K.L.:
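There's a structure below that I have some questions on.
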Amino acid sequence: MVAPAASHSRPDAADLLVWYDRHRRALPWRAEAGAVPDPYRVWLSEIMLQQTTVAAVKPYFARFLDRFPTIAALAAAPEEAVMSAWAGLGYYSRARNLHACAKAVVAAGGFPDTVEGLRKLPGIGAYTAGAIAAIAFDRREAAVDGNVERVISRLFAIETPLPAAKPEIRTLAESLVPARRPGDFAQAVMDLGATICTPKRPACALCPWMPPCRARAEGLQETFPRKLRKEPGLLRKGAAFVAVRAGDEAILLRTRPPEGLLGSMAEPPTSAWTPDYDPARGLLDAPLDARWKRLPGVVRHTFTHFPLELTVFLARVSAATVAPEGMRFTPRAELDGEPLPGAMKKVLAHALAPAAPVAPPQPAPPPDLATPPEPEPEPRRAPLPKVLSRRPASAAPIRKGGPRR
DNA sequence: AATCCGTGGCA
DNA sequence: TTGCCAAGGAT
């Protein structure tokens with residue numbers, strides 16, 4: 001239900017655009033005020049920004065434009081080059097879809113300029129189609145992302161928790177899009193959500209939409225949007241095998257299947273990852289016969305839906321060793337060219353670290369293969385019960401689903 | 001409809 | 001340390 005607030009005027013797009021003209025962020029993919037946007041840049045940035053922060057995207061965006069100056073260049077590039085350029089950004093299906101999309105757009109002679117056309121392209125869903133249509137082609141379309149959901153849910157004090165509230169939010173969002181400057185409006189709502197209407201401690205005093213905001217009127221702005229928290233996954237365990245070849249110091253790697261977790265990304269061979277994996281059986285899963293040494297400690301990594309612990313085994317093999325079927329030896333100097341996800345960089349850093357220093361602990365740098373972090377021992381903790389997040393203290397808890405198997 | 005997909009930053 | 005979150009999409 002909606003708060004029976006006093007006389008709230010309807011949010012006016014014009015008020016937001018006035019604010020935007022004064023406070024818009026300068027971003028590498030954003031055209032100058034009044035300039036014609038480049039669909040390639042708009043599209044590339046929108047894909048990268050899916051579930052990813054602006055700060056994380058900036059260096060990748062610059063690198064992509066450098067390596068793939070045009071969509072034609074991107075379409076013509078080998079998939080491996082695209083995956084490598086994407087390595088570290090996460091959600092790797094985005095990179096595969098990006099490449100496929102580039103080929104489709106080039107084959108078609110350019111981007112479609114409608115939501116319906118854009119929506120058919122790989123990697124482009126409802127949000128991205130709306131964003132590109134509005135920003136690049138000035139169509140009167142709404143781009144409903146997490147920012148917009150937060151802004152709208154506060155403006156109208158929507159009590160329905162996400163994701164159930166999505167249709168309601170979209171309808172309201174669409175009703176606010178102005179006939180003129182829909183692209184600026186889409187970016188304005190995102191800027192508002194990113195700088196003013198933030199998840200925590202929103203700066204309501206600076207908000208152009210404070211007067212019509214129902215949540216603010218009740219002082220409950222921080223409690224919206226209502227949301228169900230996802231249950232964390234079970235801890236999975238496994239073993240990773242780092243084979244170093246004498247002579248060129250090459251590392252044994254393989255490429256994961258194109259679908260699923262870390263699809264098309266590179267990794268040292270690993271066992272299956274299961275909750276009951278016993279590292280003591282490690283050698284049974286080794287990719288080749290060698291004098292494997294189990295390294296102390298484990299490598300921990302938390303994916304979106306489960307935490308992972310990998311026990312690392314290391315072996316030096318002779319210069320004559322041939323890579324097993326489906327695998328390859330990559331020289332250490334060429335590791336940067338491999339599409340290694342963060343978890344696997346941690347494994348290599350763990351394996352290639354110099355022997356632990358006798359006395360002083362050293363600071364933990366990011367997983368940089370040149371200056372690898374210390375191994376950390378200790379087992380891991382188990383998941384917690386599901387709960388509703390960000391409810392007002394007075395509200396009754398909401399449960400979702402049943403007990404875990 | 002609910003799950004599955006990464007990663008880094010930040011209280 | 002832990003949980004939360006950031007311009008979602010595909011199945």
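Computed from a predicted model, the values in this text were never measured in an experiment. Letters A, B, ... mirror the listed sequences (proteins, then strands); counts begin at 1.
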K.L.:
C:dC5 phosphate, OP1 or OP2: any side-chain N/O from A:Arg150 under 4.0 angstrom?
P.N.:
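Checking C:dC5 against A:Arg150, no side-chain N or O comes under 4.0 Å of OP1 or OP2.
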
K.L.:
Once you round it to whole Å, what is the distance between C1' of B:dG6 and CG of A:Leu262?
P.N.:
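The distance from CG of A:Leu262 to C1' of B:dG6 comes to 8 Å, rounded to the nearest Å.
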
K.L.:
If I pick the P atom on C:dT11 and the same atom on B:dG6, what distance separates them, to the nearest angstrom?
P.N.:
14 Å

K.L.:
Ignoring hydrogens and angles, does a donor from either the side chain of A:Thr304 or the base of B:dG6 sit under 3.5 Å from an acceptor on the other?
P.N.:
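Counting by modelled atom types and ignoring angles, a donor-acceptor contact under 3.5 Å is found here.
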
K.L.:
Does B:dG6 have OP1 or OP2 sitting under 4.0 Å from an N or O in the side chain of A:His301?
P.N.:
no

K.L.:
For A:Gly263, answer base if it contacts any base atom (sugar-phosphate contacts may also be present), sugar-phosphate if it contacts only those atoms, and nothing otherwise; contact means non-hydrogen atoms under 4.0 Å.
P.N.:
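No contact.
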
K.L.:
Kindly point out which of B:dG6, C:dG8, B:dC4 is positioned nearest to the side chain of A:His305?
P.N.:
B:dC4

K.L.:
How about A:Trp29 and A:Phe61: are their ring centroids closer than 6.0 Å?
P.N.:
yes

K.L.:
Taking any heavy-atom pair under 4.0 Å as a contact, classify A:Trp29: base, sugar-phosphate, or nothing.
P.N.:
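Counting heavy atoms under 4.0 Å across all strands, the contact made by A:Trp29 includes a base.
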
K.L.:
Scan A:Ala343 against the nucleic acid and name what it touches under 4.0 Å (heavy atoms): base, sugar-phosphate only, or nothing.
P.N.:
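Since only primed, P, OP1 and OP2 atoms lie under 4.0 Å of A:Ala343, the category is sugar-phosphate.
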
K.L.:
Taking atom P in both B:dC5 and C:dA6, what distance in whole Å separates the two?
P.N.:
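The answer is 22 Å between these two P atoms.
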
K.L.:
So does A:Thr52 reach the base of B:dG6 with its side chain, donor to acceptor, closer than 3.5 Å?
P.N.:
yes

K.L.:
Closest nucleotide of DNA chain C for A:Gln50 versus for A:Thr198: which of these residues is on the 5' side?
P.N.:
A:Thr198

K.L.:
What's the closest nucleotide to the side chain of A:Asp145 if the choices are C:dA10, C:dG8, B:dG6?
P.N.:
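Selected nucleotide: C:dG8.
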
K.L.:
Once you round it to whole Å, what is the distance between P of C:dA6 and CG of A:Leu49?
P.N.:
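Going from A:Leu49 (CG) to C:dA6 (P), I get 13 Å.
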
K.L.:
To the nearest Å, how far apart are A:Glu259 CD and C:dG9 P?
P.N.:
18 Å

K.L.:
Whole angstroms only, please: what is the CZ-C1' distance between A:Phe303 and B:dG8?
P.N.:
14 Å

K.L.:
Which sits closer to the 5' end of DNA chain C, A:Arg119 or A:Ser45, going by the nucleotide each is nearest to?
P.N.:
A:Ser45

K.L.:
Counting only side-chain heavy atoms from C-beta out, which of C:dA6, C:dG8, B:dT7 sits nearest to A:Thr53?
P.N.:
C:dA6

K.L.:
Checking all strands, does A:Arg96 fall into the base, sugar-phosphate, or nothing category for heavy-atom contacts under 4.0 angstrom?
P.N.:
nothing

K.L.:
So A:Ala126, base contact, sugar-phosphate only, or nothing? Heavy-atom distance under 4.0 Å.
P.N.:
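Sugar-phosphate contact only - A:Ala126 comes under 4.0 Å of backbone atoms but never of a base.
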
K.L.:
Under 4.0 Å between a side-chain nitrogen and a carboxylate oxygen: does that hold for A:Asp21 and A:Arg181?
P.N.:
yes

K.L.:
Flag this pair as yes if the NZ/CZ of A:Arg154 is under 6.0 angstrom from the six-membered ring centre of A:Phe156 and inside a 45 degree cone about the axis; otherwise no.
P.N.:
no

K.L.:
Name the nucleic acid region contacted by A:Leu27, choosing base, sugar-phosphate or nothing; use a 4.0 angstrom heavy-atom cut-off, strictly under.
P.N.:
base

K.L.:
When you get a sec, tell me which of B:dC5, C:dG9, C:dA6 is the closest nucleotide to the side chain of A:Tyr127?
P.N.:
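Within the option list, the nearest is C:dG9.
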
K.L.:
In this structure, how many angstroms lie between the C1' atom of B:dG6 and the CD1 atom of A:Ile47, rounded?
P.N.:
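Value for this atom pair: 16 Å.
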
K.L.:
In terms of relative ring orientation, are A:Phe313 and A:Phe241 parallel, tilted or perpendicular, with 30° and 60° separating the classes?
P.N.:
parallel

K.L.:
Rounded to the nearest angstrom, tell me the gap between atom CE in A:Met83 and atom P in B:dC5.
P.N.:
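So the two atoms are 14 Å apart, to the nearest Å.
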
K.L.:
Under the side chain to side chain donor-acceptor pair (under 3.5 Å) criterion, do A:Asn97 and A:Tyr92 qualify, and how do the steps go?
P.N.:
CA-CA 9 Å; A:Asn97 285 332; A:Tyr92 299 100; over 6 Å; no

K.L.:
Is the backbone N or O of A:Ala133 less than 3.5 Å from a side-chain atom of A:Glu141, with the two atoms forming a donor-acceptor pair by type?
P.N.:
no

K.L.:
C1' atom, B:dA1 versus C:dA10: distance in rounded Å?
P.N.:
13 Å

K.L.:
Of all the choices, C:dA10, C:dA6, B:dG6, which nucleotide is nearest to the side chain of A:Tyr92 once you look at every atom?
P.N.:
B:dG6

K.L.:
Flag the pair A:Arg256 and A:Glu267 as a salt bridge only when some basic side-chain nitrogen lies within less than 4.0 angstrom of an acidic carboxylate oxygen.
P.N.:
yes

K.L.:
Whole angstrom is fine here: how far is it from CG in A:Leu89 over to P in C:dG8?
P.N.:
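Between P of C:dG8 and CG of A:Leu89: 13 Å.
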
K.L.:
Of the nucleotides C:dA10, B:dG6, C:dC5, which has the atom closest to the A:Pro199 side chain?
P.N.:
C:dC5

K.L.:
Expressed as a whole number of angstroms, how long is the span from A:Tyr60:OH to B:dG6:C1'?
P.N.:
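Taking OH of A:Tyr60 and C1' of B:dG6, I get 10 Å after rounding.
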
